[in-house]
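Some notes on the structure that comes next.
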Number of protein chains: 2
Amino acid sequence: MNLDEAKEKFVQTWGGLGAQWGINKTMAQLHALLFISAESLSTEDIMETLQISRGNVNMNVRELIDWGLVQRVNKTGNRKDYYLAEKDVWKIAKLIVRERKKRELEPIISLLVELGKPEGDKNSQEYKSFVESMTQLKNFSETINNSVERMIKADENWLGNLFLSMLKK
Amino acid sequence: MNLDEAKEKFVQTWGGLGAQWGINKTMAQLHALLFISAESLSTEDIMETLQISRGNVNMNVRELIDWGLVQRVNKTGNRKDYYLAEKDVWKIAKLIVRERKKRELEPIISLLVELGKPEGDKNSQEYKSFVESMTQLKNFSETINNSVERMIKADENWLGNLFLSMLKK
DNA sequence: ATTTATTTTCATTTTTTTTTGAAAAATCAA
DNA sequence: TTGATTTTTCAAAAAAAAATGAAAATAAAT
């Protein structure tokens, strides 16, 4: 396998992987492409490499910028926008964890609080069982949420340090 | 909000959540429904509650059984199959982590090993940059993989203990 | 062995998601 | 301000994913 084939395979596989995690396949491919590109790329570069439309590049690049995974850069003597991805894998992990926490974990907790005290016969088995489930899940979610929050606020390299410390123990 | 409304809302929201993580919405709803049901449910119970077809119930229940999140149970004096979900949230988390590790993390690592040494001019900037990316990602993936493996093999309550210990530190 | 109850399969339909591409908007230079 | 370049939007088209439901297969009872 030569270098170009390896790049191609990485981009394709990363796209498939992303799809399994609920990420638009093109967005994952685009992220993979920018991740392995030493130089920043223009919309045209991306359109050509991934064989996708201008609109598609634009939408998915914007989404990656929203996640903080990609930034826009300008080259001197050139009007076009170029895109450059974060290269540090631990920083990438942190950005993703932070974003999913905000978008998904926090809303779950709000929901579970809301569902914690429904009206109904509080002595029925059915009622007790439901409330117990919600409580368990809320405790779980809060534990994860607090831990993630603490880790994000701590050292830039929290995730690395966490796993290293666990391996040494 | 009464009990039935709360149950309904939980099932719907959990379904939406699952979809964001690449899980079939119906599968996530079905899991939510079984999770909050004290009693095991039959195919008919599920069809009626979620308003979905028999085939759909069958396919998604099988998938949940594959993940180890649901088991088939038989009631005496009754020929039908009933389905019962794991209720312990930490055990659920463990089952999901274990399965995603096996299905996704391990294949990534194989890929990264394969892509680590492509043919090409080993002195070019482009070559060095790609190999460096693959190496970083492989190290990251292996750290996560080893940690997860260690945790799964350890205490049944590894994940809980992990986060508790982090909070105390 | 036959009937009845139940589960599974899978070709077709439906729904949802993603992509396209051309028009509109924005940006910049002269 | 005008014109050239580039980006963004979004209705429509295409593709992908999920659901249906009836037939086939399986399992149990008589």
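Only this structure's heavy atoms are used, side chains among them; waters, hydrogens and symmetry mates stay out. On a predicted model such as this, the values are computed, not experimentally measured, just so you know. Lettering of chains follows the sequences in order, A, B, ..., and the numbering in each one begins at 1.
Applying the side-chain hydrogen bond (donor to acceptor under 3.5 Å, both in side chains) test to residues at least two apart or on different chains, the pairs with a partner in residues 108-126 of chain B are A:K7-B:E126, A:K9-B:E114. Annotation: ring-ring contact (aromatic ring centres under 6.0 Å, His included) contacts involving residues 28-72 of chain B, sequence neighbours excluded, are absent. Legend: side-chain hydrogen bond (donor to acceptor under 3.5 Å, both in side chains) pairs involving residues 49-61 of chain A, not counting sequence neighbours, sorted by first then second residue: A:E44-A:R54. The side-chain hydrogen bond (donor to acceptor under 3.5 Å, both in side chains) analysis of residues 79-89 of chain B, with sequence neighbours excluded, yields the pairs B:R72-B:D81, B:R72-B:Y83, B:N78-B:Y82.
Along DNA chain D, read 5' to 3', the first and last nucleotides having any atom under 4.0 Å from a heavy atom of chain A are D:dA4 to D:dC10.
Residues A:E106 and A:K102 are not paired through a salt bridge, judged by the lack of any N-O separation under 4.0 Å between the basic side chain and the carboxylate.
With a 4.5 Å cut-off between side-chain heavy atoms of Ile, Leu, Val, Met, Phe, Trp and Tyr, the cluster of B:V113 takes in B:I109. Cluster partners of A:M59: none. The rule joins Ile, Leu, Val, Met, Phe, Trp and Tyr whenever side-chain heavy atoms lie under 4.5 Å apart, and it links nothing here.
The backbone N or O of A:I96 lies less than 3.5 Å from no partner atom in the side chain of A:E99, so there is not a single donor-acceptor pair. In this structure, B:S42 contributes its side chain and B:D45 its backbone to a donor-acceptor pair below 3.5 Å.
Legend: residues meeting salt bridge (charged side-chain N to carboxylate O under 4.0 Å, His left out) with B:E142, ordered by chain and number and at least two apart, are B:K138. Applying the ring-ring contact (aromatic ring centres under 6.0 Å, His included) test to A:F130 and every residue at least two apart in sequence or in another chain returns nothing.
Within residues 7-32 of chain A, the residues that place at least one heavy atom under 4.0 Å from DNA chain C are, in residue-number order, A:N24, A:T26.
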Worksheet item: In the 5'-to-3' direction, what one-character label does each nucleotide of nucleotides 5-11 of chain C receive under the scheme B = base within less than 4.0 Å of a protein heavy atom, S = sugar-phosphate only, - = no such atom?
Response: BSBBBB-
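Considering B:L115, B:L111, B:L112 in turn, B:L111 is the only one that fulfils the side chain to side chain contact (heavy atoms under 4.5 Å, CB included) rule with A:T13.
When the C1' atoms of four end pairs are superposed on the next four at each end of the helix from C:dA1-D:dT30 to C:dA30-D:dT1, using five pairs per end, the two resulting axes differ in direction by 20°, to 10°.
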